[in-house]
Amino acid sequence: MALIHVIYVSTATKKIVDKDLESILESSVRHNNKNEVTGLLLFVGNRFMQVLEGQEVAINETMARIEKDSRHSDLVVLERTAIASRSFEKWSMGFHRLNSIEISSKPGFAELLEADFDATKLGAKKGLALRMLKEFVRVANSGSVGSSHAV
Ligand SMILES: Cc1cc2nc3c(=O)[nH]c(=O)nc-3n(C[C@H](O)[C@H](O)[C@H](O)COP(=O)(O)O)c2cc1C
């Protein structure tokens with residue numbers, strides 16, 4: 001039994017409204033709880049970045065469903081690696097919609113914005129995506145970002 005994580009970026013296929021995000025999160029929490037999958041989903045502009053961690057079988061099954069989802073496209077996996085322990089264990093799927101003020105005020109997020117969630121730019125810097133996602137958890141836990149919520 002191998003614990004792995006997958007990090008990917010993707011692009012929304014249409015304008016994403018709150019109702020879409022609620023629906024994505026509702027499915028995510030329901031399935032991930034059952035499958036012992038944890039992680040974080042960030043949304044900025046029209047781009048998603050998600051990290052999923054769990055047993056390989058559960059991650060494969062989850063990714064197969066996510067890849068087929070017509071609400072996004074151009075999904076590029078940046079990283080798929082065995083991990084010793086979870087980094088997002090508190091969240092069956094943490095979520096945050098980043099706004100430009102937050103991004104520009106936090107160095108870790110500025111790097112994210114500059115890379116524009118662009119797969120080539122992020123993939124070229126190994127470890128950058130995970131570093132940014134962990135930085136996000138650190139800032140969220142310190143209470144200095146607005147509407148982050150653990151679900
Ligand atoms: C950006 C994005 C992230 C998603 N993340 C997850 C996830 O972490 N876990 C999950 O089960 N489904 C996730 N989904 C939803 C799946 O693609 C799929 O719609 C859902 O699992 C279908 O289940 P349901 O019909 O039972 O709601 C995500 C979808 C999108 C667009």
Side-chain angles (χ1 to χ4, degrees), residues 1-99 102-103 106 108-109 111-113 115-119 122-123 126-151:
M1 296 259 279
L3 191 63
I4 67 161
H5 74 202
V6 167
I7 303 173
Y8 74 81
V9 287
S10 65
T11 306
T13 42
K14 64 176 181 77
K15 188 166 163 43
I16 296 282
V17 295
D18 286 353
K19 202 156 68 68
D20 301 311
L21 294 170
E22 277 162 24
S23 153
I24 290 170
L25 286 171
E26 187 279 317
S27 311
S28 302
V29 170
R30 181 163 35 82
H31 287 282
N32 295 357
N33 262 328
K34 195 177 66 205
N35 299 328
E36 294 181 3
V37 169
T38 48
L40 174 65
L41 176 65
L42 297 181
F43 183 60
V44 57
N46 66 340
R47 309 274 283 163
F48 293 105
M49 180 188 278
Q50 188 172 33
V51 56
L52 292 160
E53 53 189 20
Q55 293 300 326
E56 189 164 11
V57 177
I59 296 299
N60 290 346
E61 186 270 328
T62 305
M63 282 301 289
R65 260 182 298 111
I66 293 174
E67 276 164 2
K68 280 193 293 201
D69 198 313
S70 63
R71 289 172 287 195
H72 64 173
S73 64
D74 302 325
L75 188 155
V76 180
V77 173
L78 300 173
E79 210 172 294
R80 186 182 205 285
T81 327
I83 49 171
S85 61
R86 293 178 193 250
S87 303
F88 305 90
E89 67 277 359
K90 279 199 240 158
W91 295 338
S92 56
M93 189 44 61
F95 171 74
H96 194 74
R97 183 175 202 152
L98 283 166
N99 64 46
E102 242 164 50
I103 290 168
K106 303 275 183 297
F109 297 167
E111 218 174 342
L112 182 92
L113 183 70
D116 195 25
F117 283 23
D118 181 279
L122 288 169
K126 192 140 179 52
L128 175 64
L130 183 62
R131 196 151 48 75
M132 289 189 305
L133 288 158
K134 284 186 178 169
E135 164 69 7
F136 177 81
V137 174
R138 197 185 62 73
V139 175
N141 284 340
S142 75
S144 51
V145 280
S147 60
S148 153
H149 64 273
V151 281

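Each residue takes its place number in the sequence, starting with 1.
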CD1-CD distance between I24 and Q50, expressed to the nearest 0.5 angstrom:
9.0 Å
Kindly say whether V57 contributes a backbone atom to a donor-acceptor pair with the side chain of N60 at under 3.5 angstrom?
no
Heavy atoms of other groups near E89 CD, more than 12 under 6.0 Å
yes
Give the minimum heavy-atom separation between G39 and F88, together with the two atoms involved.
CA-CB, 3.8 Å
Quick one, D18 and R97 - any side-chain contact, counting heavy atoms below 4.5 Å?
yes
R65 vs S27, side chain to side chain donor-acceptor pair (under 3.5 Å): CA-CA, chis, key distance, verdict
CA-CA 11 Å; R65 260 182 298 111; S27 311; over 6 Å; no
To the closest 0.5 Å, what do you measure between CZ (F43) and CG (L21)?
5.5 Å
What distance do M49 atom CE and L130 atom CG have between them, rounded to the nearest 0.5 Å?
10.0 Å
Short question: side chain of T11, backbone of R47 - any donor-acceptor pair under 3.5 Å?
no
K15 atom NZ: more than 12 heavy-atom contacts under 6.0 Å
no
Determine, stepwise, if the pair Q55 / E61 fulfils side-chain contact (heavy atoms from CB on, under 4.5 Å).
CA-CA 10 Å; Q55 293 300 326; E61 186 270 328; over 6 Å; no
Do L3 and E53 come close enough that some side-chain heavy atom pair is under 4.5 Å?
no
Where is the tightest heavy-atom contact between A58 and V37, given as atom of each residue plus distance?
CB-CG2, 4.0 Å
Take H31 and M93, measure what side-chain contact (heavy atoms from CB on, under 4.5 Å) needs, and give me the verdict at the end.
CA-CA 10 Å; H31 287 282; M93 189 44 61; over 6 Å; no
Considering all heavy atoms of both residues, which atom of I4 and which atom of A82 are nearest to each other, and what is their separation?
CG2-CA, 4.0 Å
When rounded to the nearest 0.5 angstrom, what is the spacing between CG in L78 and CG in L75?
9.0 Å
How many angstroms lie between OG in S92 and CG in L25, if you round to the nearest 0.5 Å?
9.0 Å
Is there a side-chain contact between Y8 and M63 (heavy atoms, below 4.5 Å)?
yes
As an exercise, state the distance from CD1 of I66 to OG of S10, rounded to the nearest 0.5 Å.
9.0 Å
Any side-chain heavy atom of S87 within less than 4.5 Å of one from H5?
no
May I ask you to decide whether R80 forms a salt bridge with E56, counting only side-chain N to carboxylate O separations under 4.0 Å?
yes
